[in-house]
Amino acid sequence: MSGIIISGKELAQEKRIEMKQQVDTLKQKGITPGLAVILVGEDPASQTYVRAKQRACEQTGIHSEIDEVSPSITEAELLEKINVLNDAKHIHGILVQLPLPEHISEKKVIETIHPDKDVDGFHPINIGRMMTGQEGFLPCTPFGIVEMIKSKGIEIQGKHAVIVGRSNIVGKPVGQLLLNENATVTYCHSRTKNMQEYTKSADILVVAVGKPHFIDADDVKDGAIVIDVGIHRNEEGKLIGDVLFDNVKEVASYISPVPGGVGPMTITMLLHNTVVSANRRLK
Ligand code: GUN
């Protein structure tokens with residue numbers, strides 16, 4: 001078997017075309033969706049992600065503002081910037097790029113963003129809403145993963161979903177979203193014993209462990225759906241994932257590639273959340 005590729009890149013393009021139409025409709029009603037991004041410091045990976053978010057906003061007609069601030073900004077100064085954006089009428093989404101310098105509390109930053117502008121879906125209120133099935137903002141990477149699976153007409157209900165990794169940003173919430181879709185969910189992490197027993201029993205395997213080529217074909221059940229959240233650069237400078245794609249695609253029924261998989265969908269769901277936020281303002 002050779003698995004069908006779930007191209008996040010193609011799905012993201014389709015969704016961005018639809019989104020542009022929604023943005024145009026909102027503009028006709030006098031609202032331009034606005035996203036504010038704060039980037040603290042000069043981490044090259046963060047700079048790349050922020051540029052990609054900015055380009056995606058331009059592509060869909062969303063107004064974006066990038067505030068690049070010095071890594072020596074104090075926590076109080078950063079929180080004040082967020083409060084100004086919380087009150088800004090033309091801004092519907094606020095994102096503070098992570099990670100932050102050590103002297104700034106990530107928790108305080110996330111909790112200062114107003115939950116109704118928290119388009120990252122990281123605020124504890126939005127996490128609580130997600131857990132209880134209430135309307136809020138869903139975290140972008142997990143949201144994008146569920147959209148990718150659904151885009152292929154795959155039924156999630158009743159499937160055994162195994163999540164490798166338990167980060168607050170990806171692992172934990174993607175398990176919750178798949179549970180909301182009536183999957184049976186198992187989490188694996190660094191202390192899991194006999195991990196292969198679990199990964200091999202997965203109908204849906206989501207790998208967000210942050211280790212290059214961590215999952216090989218003998219870790220995967222025949223016909224499984226495999227989603228790779230990892231992104232690393234190998235010695236030749238090539239982007240690779242947490243999954244050994246060339247081997248695993250031979251046993252999987254569906255597989256997401258790296259690059260062109262989850263990454264473009266994360267940004268697309270950020271735009272989606274921003275447009276939803278602007279629409280809520282209209283109501
Ligand atoms: N750093 C890496 N991924 C993300 C993300 O999705 N949102 C924010 N705010 N920072 C990140």
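Keep in mind that what you see is a predicted model, and the values were worked out from it rather than measured. Atoms within each ligand, like the ligands themselves, are counted from 1 in listed order.
Among residues two or more places apart in sequence or in another chain, the side chain to side chain donor-acceptor pair (under 3.5 Å) test is passed with His63 by Glu65.
Using a cut-off of 4.0 Å between Lys/Arg side-chain N and Asp/Glu carboxylate O, Asp219 and Lys200 are scored as not salt-bridged.
Within a 6.0 Å radius of NZ in Lys15, other residues, nucleotides and ligands contribute more than 12 heavy atoms.
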Enumerate the pairs of nitrogen or oxygen atoms, one from ligand 1 and one from the protein, separated by less than 3.5 angstrom; state names and distance to 0.1 Å.
from, atom 1, to, atom 2, distance (Å)
ligand 1, 1 (N), Gln97, NE2, 3.1
ligand 1, 1 (N), Leu98, O, 2.9
ligand 1, 7 (N), Asp120, OD1, 3.1
ligand 1, 7 (N), Asp120, OD2, 3.3
ligand 1, 9 (N), Val96, O, 2.8
ligand 1, 9 (N), Asp120, OD2, 2.6
ligand 1, 10 (N), Leu98, N, 3.0

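Taking the six-membered ring for Trp, His123 and Phe137 have ring centres at least 6.0 Å apart.
Pairs of residues two or more places apart, or lying in two chains, that qualify as salt bridge (Lys or Arg N to Asp or Glu O under 4.0 Å) and include a residue from residues 20-39 are Lys20-Asp24. Listed by first and then second residue, the salt bridge (Lys or Arg N to Asp or Glu O under 4.0 Å) pairs involving residues 132-141 are Glu135-Arg280 (not counting sequence neighbours).
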